[in-house]
Student: 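Just passing along the structure, written as structure tokens.
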Amino acid sequence: MIDYKQYIFINPNIRFGRTYLSGTRFSVYDALNWFANGMSQAEIKIDFPELTNEHIQACLASAADREHKIRVV
């Protein structure tokens, strides 16, 4: 699994404090939402060429990690 922490950051002055992709102003939510709405990785890269494969994989890895950590108590 990719080390998503190299590509995803939080800064209160960028994207209203949401997680965003390094070197861009795209939030992780943006990329995950594009996938949820049926866009492929290739389509995302065509529409947003500043995103790399690593950026996109980092979004998926962070979502998987977050899901893995959820526990019902």
Side-chain angles (χ1 to χ4, degrees):
M1 183 184 294
I2 188 170
D3 181 11
Y4 66 86
K5 294 172 187 158
Q6 294 180 12
Y7 301 94
I8 296 176
F9 299 95
I10 299 174
N11 180 326
N13 298 315
I14 298 175
R15 295 301 305 233
F16 308 101
R18 293 184 177 199
T19 54
Y20 71 96
L21 297 163
S22 63
T24 77
R25 293 185 77 72
F26 291 109
S27 70
V28 170
Y29 171 82
D30 292 333
L32 294 174
N33 193 46
W34 296 325
F35 276 117
N37 284 295
M39 288 182 78
S40 69
Q41 184 167 337
E43 290 170 326
I44 292 170
K45 287 187 64 184
I46 289 169
D47 286 354
F48 308 102
E50 58 272 41
L51 295 178
T52 65
N53 288 332
E54 290 79 13
H55 282 126
I56 296 167
Q57 292 301 323
C59 290
L60 295 172
S62 71
D65 188 44
R66 212 173 347 187
E67 182 65 23
H68 178 72
K69 292 176 181 173
I70 294 175
R71 299 277 190 272
V72 175
V73 222

Student: Rounded to the nearest 0.5 Å, what's the gap from OG on Ser22 to NZ on Lys5? Could you check?
Tutor: 15.0 Å
Student: Provide the closest heavy-atom pair for Thr24 versus Leu21 in the form atom of the first, atom of the second, distance.
Tutor: OG1-O, 2.7 Å
Student: As an exercise, state the distance from OG of Ser27 to CD1 of Ile14, rounded to the nearest 0.5 Å.
Tutor: 12.0 Å
Student: Just verifying a value: how many Å separate Leu60 CG and His55 NE2, rounded to the nearest 0.5 Å?
Tutor: 13.5 Å
Student: Once you round to the nearest 0.5 Å, how far does OG of Ser40 lie from CD1 of Ile56?
Tutor: 9.0 Å
Student: Could you go step by step and tell me if Ile44 and Phe35 meet the side-chain contact (heavy atoms from CB on, under 4.5 Å) rule?
Tutor: CA-CA 8 Å; Ile44 292 170; Phe35 276 117; 3.9 Å; yes
Student: Less than 4.5 Å apart, side chain to side chain, heavy atoms only: is that true for Val28 and Tyr20?
Tutor: no
Student: At their closest point, which heavy atom of Gln57 faces which heavy atom of Ile2, and how far apart are they?
Tutor: O-CG2, 3.7 Å
Student: Whether Arg18 engages the ring of Tyr29 as a cation-pi pair (distance to the six-membered ring centre under 6.0 angstrom, angle to the ring normal within 45°) should be assessed.
Tutor: yes
Student: If I compare all heavy atoms of Leu32 with all of Ala63, which pair ends up nearest, and what's the gap?
Tutor: CD1-CB, 4.0 Å
Student: Using 0.5 Å steps for rounding, measure from the CG atom of Asp30 to the CZ atom of Arg15.
Tutor: 4.5 Å
Student: Looking at CD1 of Ile46 and CE of Met39, how far apart are the two atoms once the value is rounded to the nearest 0.5 Å?
Tutor: 8.5 Å
Student: Hey, are Glu54 and Gln6 close enough side-chain-wise for a donor-acceptor pair under 3.5 Å?
Tutor: no
Student: Hydrogens and angles aside, do Ser62 and Asp65 bring a side-chain donor and acceptor to less than 3.5 Å of each other?
Tutor: no
Student: Given side-chain contact (heavy atoms from CB on, under 4.5 Å), test Lys45 with Asn53 step by step and report yes or no.
Tutor: CA-CA 8 Å; Lys45 287 187 64 184; Asn53 288 332; 3.1 Å; yes
Student: Just to verify, which of Tyr7, Phe48, Phe9 counts as forming a ring-ring contact (aromatic ring centres under 6.0 Å, His included) with Phe26?
Tutor: Phe48
Student: Please report the closest heavy-atom contact between Arg71 and His68, naming both atoms and the distance.
Tutor: NH1-O, 2.8 Å
